[in-house]
2 protein chains.
Amino acid sequence: MDCVIFGLEGDELKVLLIQHDEGPVEGQWALPGDYVRFDIDLEEMPSIVLKQLTGLENVFVELFDVLGKINRVTHQRVITAAYFALISTEKYELKKGLEARDIKWMDIHNIPKLIYDHNEIINRGYEALKLKLRREPVGVELLPRQFTLTQFQKMYETILDIKLDTRNFRKKILKEDILIDTNQKELNVPYRAPNLYTFNAEKYDTLKAKGYFLNIY
Amino acid sequence: MDCVIFGLEGDELKVLLIQHDEGPVEGQWALPGDYVRFDIDLEEMPSIVLKQLTGLENVFVELFDVLGKINRVTHQRVITAAYFALISTEKYELKKGLEARDIKWMDIHNIPKLIYDHNEIINRGYEALKLKLRREPVGVELLPRQFTLTQFQKMYETILDIKLDTRNFRKKILKEDILIDTNQKELNVPYRAPNLYTFNAEKYDTLKAKGYFLNIY
DNA sequence: TCAAAAGTGTTGATATTACACCCATGC
DNA sequence: GCATGGGTGTAATATCAACACTTTTGA
C-alpha cells in the first residue's frame, strides 16, 4: 500500500515524501507506504501509516489505483494499492518513524526522482484528485476547520491550476448553501478582516445522496 | 482479480456470472475472475479472462475497486482487484471454460446470492459504472457498432434508471457532435426505419483531453 | 493616507426544461 | 388504414460569463 498525502502550503499543493534509511533503496525518496499486514484490512492500512507519520486520525482517504506491472519493483513481484489522503494544514507534527531518514513536503510540480514507479503513482493520484474535485468539494479537507471564501477559491485554483472569477465563484458557492457562516472574522490581518466559514457536511451529504454534483467549471 | 462484465439485453442491464464446478465453492455462482499470474501484468488479467469467456478482445475494461478485508474469503487471505468490463451485444459466444459448470447473463436487479463478497463487488461496480456514465458516454461500449438514437437514449435510461425527454436528449447529443450519422437506416422494422449512428471516438477523445464532460442530467 | 485584500450587482448570452404533434414504415 | 416507434420546434426559465468599483482594516 502506498499513499499520496496531499497538503496545501500557501499557494502550493504539496505531497508528503519520506527518505528511506535502510534496505536496497537507502537514501532514496519515496511515497509513504507499507506491506499489507495479514491481520489488518487493506482499507485500514492508509490510516495506520498516516497516524504514524502525522499523528492525525479520521483523515480523508480514498483508493485511486492499483499498480501491478510485473517489473515495477526490481527485486520481487509487488502489487500496490494506491490511496490518496487529504490533510488539513491546521496542526500536525511530522514523525518520520524508524525506517525513514527524513520526511518532507514537496511541491507537486517539483518532485524529484523517486523509487520504482512512485512518480507515476503521484501523477495518477493528482489526476484522480483533480477529477474528483471537479464534482465534489473534497478540497475542504485540505483547509483548516474555519476558512475564508478566498482560501476556498484559492484551493480550487491551486489544485486545478485555473483562475476563477471571484464574484461568480462566491455567488455560486453561497447559493449552493454548503458553507456555514460562522459570523467570525479572521483576526490580525493587515487588511479588511474576512469572514470565516465552515463546511456544511450534513447538507452536502444529503445533496450528494440525491446524486447532486458541485461542478466548478 | 474479479470482473463485473456488463451487457445490455433488451431493456435490461446484465452481468455475466459463472457457476463453479469444483473446489470448495462447487455449484455456487460467482463473478468471473482468476488468481493474478506471476508472469502477467495485473492490468492484463481482465482481458485474458474476457477472451476465455467470450472470445472478445479489445474490450472496454476499467479498475473500480480493491477489496481487502481480512475475512472476505473464508479459507485464506485474498485481496482482489475488481474491474468492470462493457461488452457489446453484437456478437460473442460464451465459452464457460473448464472450471465452470455453467455461465449466464443475469439481470443486475436480480442477482442470486454469490460466493464471498461478490454481491457487494457487483453493487460497487454498478455504482462506479453509473458515476462514470454521468460524465462520459462509456455506454456506447454496450451497443452495437451502429445504433439508433433511441437505443442510445434507452442505454442511459436503463443503466441510470431514469426517464429522459426524447426531444431534449436528441438535441443535446446531436449538438455535442460526438455521433456520426451513417446515413443508413435500420432494416426490417415494422415502423418508420430509424437512422443509424456510430460513435465519433476521435472527436470525443479530443474533447475529453480538453477536460470536457458529457453530462446527462 | 496608503496598501492590500474583501466584498458586492447587472446584463447579455447560453443552456435547460417543458411540452404535443406529424411522419414513415410494414403489415 | 392502422399500429408502432421515429423524428422535430418553440417559448419560458435558469444558469453562466463577463466585467470594476467601494469597503474595511492595520500599519
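Just so it is clear, the model here is predicted, and its values are computed rather than measured. Every chain is numbered from 1 and lettered A, B, ... according to where its sequence line falls, protein lines coming before strand lines.
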Notebook entry, point to check: Is A/Arg124 salt-bridged to A/Glu127, going by a charged N under 4.0 Å from an acidic O?
Noted result: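 No, no charged N to carboxylate O under 4.0 Å.
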
| said: Between B/Lys132 and B/Glu62, does any NZ, NE, NH1 or NH2 come within less than 4.0 Å of an OD or OE carboxylate oxygen? | reply: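 Yes.
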
Fill in: side-chain contact (heavy atoms from CB on, under 4.5 Å), paired with A/Leu50, selected from A/Leu16, A/Leu56, A/Asn58, A/Ile87
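That would be A/Ile87; it is the only one of A/Leu16, A/Leu56, A/Asn58, A/Ile87 passing the side-chain contact (heavy atoms from CB on, under 4.5 Å) with A/Leu50.
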
In whole angstrom, what separates [X]'s [atom1] from [N]'s [atom2]?
{"X": "A/Arg170", "N": "D/dA17", "atom1": "CZ", "atom2": "P", "value": "18 Å"}
{"X": "B/Leu164", "N": "D/dG6", "atom1": "CG", "atom2": "C1'", "value": "17 Å"}
{"X": "A/Gln153", "N": "C/dT8", "atom1": "CD", "atom2": "C1'", "value": "14 Å"}
{"X": "A/Lys172", "N": "C/dT8", "atom1": "NZ", "atom2": "C1'", "value": "19 Å"}
{"X": "A/Asn195", "N": "C/dT8", "atom1": "CG", "atom2": "P", "value": "9 Å"}
{"X": "A/Glu176", "N": "D/dT15", "atom1": "CD", "atom2": "C1'", "value": "11 Å"}
{"X": "B/Lys163", "N": "C/dT17", "atom1": "NZ", "atom2": "P", "value": "17 Å"}
{"X": "A/Leu149", "N": "C/dG7", "atom1": "CG", "atom2": "P", "value": "6 Å"}

**Prompt:** Can you tell me if the side-chain N/O atoms of A/Thr150 get under 4.0 Å from OP1 or OP2 in C/dA5?
**Reply:**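 No.
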
B/Lys51, NZ atom: more than 12 neighbouring heavy atoms under 6.0 Å: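 Atom NZ in B/Lys51 is not packed in, count stays at 12 or less.
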
Should the ring pair B/Phe152 and B/Phe147 be called parallel, tilted or perpendicular, given that the plane angle runs from 0 to 90° and is split at 30 and 60?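 B/Phe152 vs B/Phe147 ring planes: parallel.
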
Which word best sums up how the rings of B/Phe6 and B/Tyr126 line up, parallel for under 30°, tilted for 30 to 60°, or perpendicular for over 60°?
->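 Tilted: the ring planes of B/Phe6 and B/Tyr126 meet at 30° to 60°.
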
- Task: Given side chain to side chain contact (heavy atoms under 4.5 Å, CB included), test A/Asn110 with A/Met106 step by step and report yes or no.
- Result: CA-CA 7 Å; A/Asn110 204 8; A/Met106 299 206 192; over 6 Å; no

If an axis is fit to five pairs at each end of the helix from C/dT1-D/dA27 to C/dC27-D/dG1, what is the angle between the two, to the nearest 10°?
->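 Comparing the axis at each end, I get an angle of 0°.
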
Are any of the side-chain heavy atoms of A/Glu99 and A/Asp21 separated by less than 4.5 Å?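 When only atoms from C-beta onward are counted, A/Asp21 and A/Glu99 do not touch, as no gap falls below 4.5 Å.
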
Its contact letters, B for base, S for sugar-phosphate only and - for none at protein heavy atoms under 4.0 Å, make nucleotides 19-27 of chain C read BB--BBBS-

Sorted by number, the residues of residues 206-217 of chain A with heavy-atom contact under 4.0 Å to DNA chain D
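Nucleic-acid contacts, sorted: none.
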
- request: Specify the closest pair of heavy atoms between A/Lys203 and A/Ile178, including all atoms of both residues, with the distance to one decimal.
  value: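 So the two residues come closest at CG-CG2, 4.5 Å.
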
- prompt: Nearest heavy-atom pair of A/Leu31 and A/His118: which atoms, and what distance?
  reply: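 That closest heavy-atom pairing would be N-ND1, 3.0 Å.
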
Could you go step by step and tell me if A/Tyr217 and A/Tyr156 meet the ring pair (Phe, Tyr, Trp, His ring centres under 6.0 Å) rule? CA-CA 10 Å; A/Tyr217 104 104; A/Tyr156 277 99; 9.4 Å; no

